Amino acid sequence: MITALMLAAALAYCGWSLMKGLRHVERFFKGARGEERVAGILKDLPEAYHVFNDFLAGGLHVDHVVVGPAGVFAVETKYWKGAVTVEDGHILLDGQLPNRSPLAQARKEAQLVKATLAEAGWTGNVTPVLAFASDTFKQHIAEVQGAVVINSCELAQSFATQRVVIPPAELDRLVVLMENQP
């Protein structure tokens with residue numbers, strides 16, 4: 001009887017572990033699809049913009065770093081199903097707070113990119129961007145807690161600005177520094 005109970009417990013644990021693993025794999029591929037979607041949009045930015053996908057900063061991989069005349073942007077991509085809204089400075093999914101704050105993640109990644117660039121010899125601002133590849137952000141574009149929150153379909157238009165924060169010579173130097181990052 002004890003052997004049967006142990007076998008049943010082991011099978012239940014294996015089933016639970018398998019389901020947990022499958023959910024993890026599903027989240028990974030959903031995130032990868034979102035990152036691919038955003039990368040496809042960013043590759044069509046004007047020639048003055050440079051996109052670094054999966055940029056290593058401070059030991060973490062930042063989904064995308066966009067460098068152009070309008071500045072430097074660390075882009076964290078989310079592919080969430082459901083209605084994304086902002087209430088009281090927080091991102092909500094279907095009216096609920098997510099387990100982890102995507103705004104905190106985007107701000108942390110921007111700080112890491114800034115620190116990595118400072119180590120390479122460039123000091124300037126890095127704007128955190130939280131891009132929803134599922135285009136389910138009800139407000140389309142907003143600034144929340146110092147980060148730009150945006151639907152991916154709005155990215156190209158958002159970057160297509162005439163604003164110049166980084167002069168061409170400095171932009172060229174910055175791109176070379178980033179290309180030479182390990």
Side-chain angles (χ1 to χ4, degrees), residues 12-43 45 51-68 70-118 124-161 163 165:
Y13 178 76
C14 287
W16 175 80
S17 294
L18 179 62
M19 292 305 293
K20 184 177 177 182
L22 289 174
R23 283 192 301 270
H24 180 74
V25 169
E26 179 184 5
R27 280 193 308 270
F28 171 80
F29 282 110
K30 185 170 74 170
R33 280 193 309 271
E35 289 174 29
E36 285 178 16
R37 175 177 164 74
V38 170
I41 291 167
L42 295 176
K43 77 174 178 54
L45 288 176
V51 179
F52 298 87
N53 296 308
D54 200 29
F55 184 77
L56 186 61
L60 290 178
H61 291 267
V62 179
D63 293 342
H64 317 279
V65 177
V66 177
V67 178
V72 179
F73 305 86
V75 182
E76 170 57 29
T77 302
K78 297 296 181 195
Y79 194 78
W80 289 0
K81 297 292 184 184
V84 178
T85 55
V86 175
E87 286 185 31
D88 299 324
H90 298 284
I91 299 292
L92 303 178
L93 176 62
D94 291 331
Q96 302 294 316
L97 282 171
N99 292 337
R100 294 187 333 215
S101 169
L103 290 170
Q105 182 182 5
R107 287 193 313 271
K108 178 181 179 182
E109 290 173 357
Q111 290 171 348
L112 290 172
V113 169
K114 182 176 181 168
T116 299
L117 296 178
N125 291 323
V126 177
T127 302
V129 177
L130 178 58
F132 287 96
S134 51
D135 294 331
T136 57
F137 180 47
K138 295 293 183 186
Q139 292 150 287
H140 296 276
I141 185 168
E143 185 175 333
V144 184
Q145 296 183 19
V148 175
V149 181
I150 190 168
N151 281 327
S152 64
C153 64
E154 308 281 344
L155 282 169
Q157 181 180 348
S158 178
F159 284 116
T161 176
R163 186 176 80 153
V165 175

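Computed from a prediction, not measured in an experiment: that's the story for all the values here.
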Query - Sub-4.5 Å side-chain heavy-atom contact between Q105 and K78 - result: yes
Report task. Identify the heavy atoms of V165 and G71 that sit nearest to each other, and give their distance. Result -> CB-N, 4.3 Å
Report summary line: On a heavy-atom basis, the closest approach of V113 and A74 is CG2-CB, 4.2 Å
Requested in this report: Taking the side chain as every heavy atom from C-beta outward, state whether V65 and V75 have any pair of such atoms under 4.5 Å apart.
Outcome: no
Query raised in the report: D54 versus D63: any side-chain heavy-atom pair under 4.5 Å?
Result: no
**Report entry** E154 backbone acceptor or donor facing S158 side chain under 3.5 Å
**Finding:** no
Query raised in the report: Nearest 0.5 Å, what's the CG-CD distance between L130 and E109?
Result: 9.5 Å
Query raised in the report: Taking side chain as C-beta onward, heavy atoms only, is V72 less than 4.5 Å from L117?
Result: yes
Report summary line: Tested for side-chain contact (heavy atoms from CB on, under 4.5 Å) against F132, the lone hit among I150, N151, T77 is N151
Query - Atom pair CG (N53) and NE2 (H61), whose distance is rounded to the nearest 0.5 Å - result: 12.5 Å
Query raised in the report: Going by heavy atoms in the side chains, are K81 and T136 under 4.5 Å from each other?
Result: no
Query raised in the report: Looking at A133 and Y79, what are the two nearest heavy atoms and their distance?
Result: CB-CD1, 3.5 Å
Requested in this report: Among residues two or more places apart or on two chains, list those pairs meeting salt bridge (charged side-chain N to carboxylate O under 4.0 Å, His left out) that have a residue in residues 129-152.
Outcome: R37-D135
Query raised in the report: If you take all heavy atoms of P128 and A106, which pair is closest and at what distance?
Result: CB-O, 3.4 Å
Query raised in the report: Heavy-atom distance under 4.5 Å between the side chains of V84 and L92, does that happen here?
Result: no
Query - Test item: V149 and I141 side chains (from C-beta on) under 4.5 Å apart, heavy atoms - result: no
Query raised in the report: Would you find a donor on one side and an acceptor on the other, under 3.5 Å apart, between the side chain of D94 and the backbone of G82?
Result: no
Report summary line: By side-chain hydrogen bond (donor to acceptor under 3.5 Å, both in side chains), Q145 pairs with (sequence neighbours left out) R107
Report summary line: Nearest heavy-atom contact between C153 and I41 is N-CD1, 4.4 Å
Query raised in the report: Which residues satisfy the ring pair (Phe, Tyr, Trp, His ring centres under 6.0 Å) test with F73, sequence neighbours excluded?
Result: F159
**Report entry** Which atom of I91 lies closest to which atom of W80, heavy atoms considered
**Finding:** CG2-CZ3, 3.8 Å
Query raised in the report: Taking the side chain as C-beta and beyond, is there a heavy-atom pair between E35 and H64 under 4.5 Å?
Result: yes
Report task. Could you grab the distance from atom CG of L155 to atom CG of L45, nearest 0.5 Å is fine? Result -> 8.0 Å
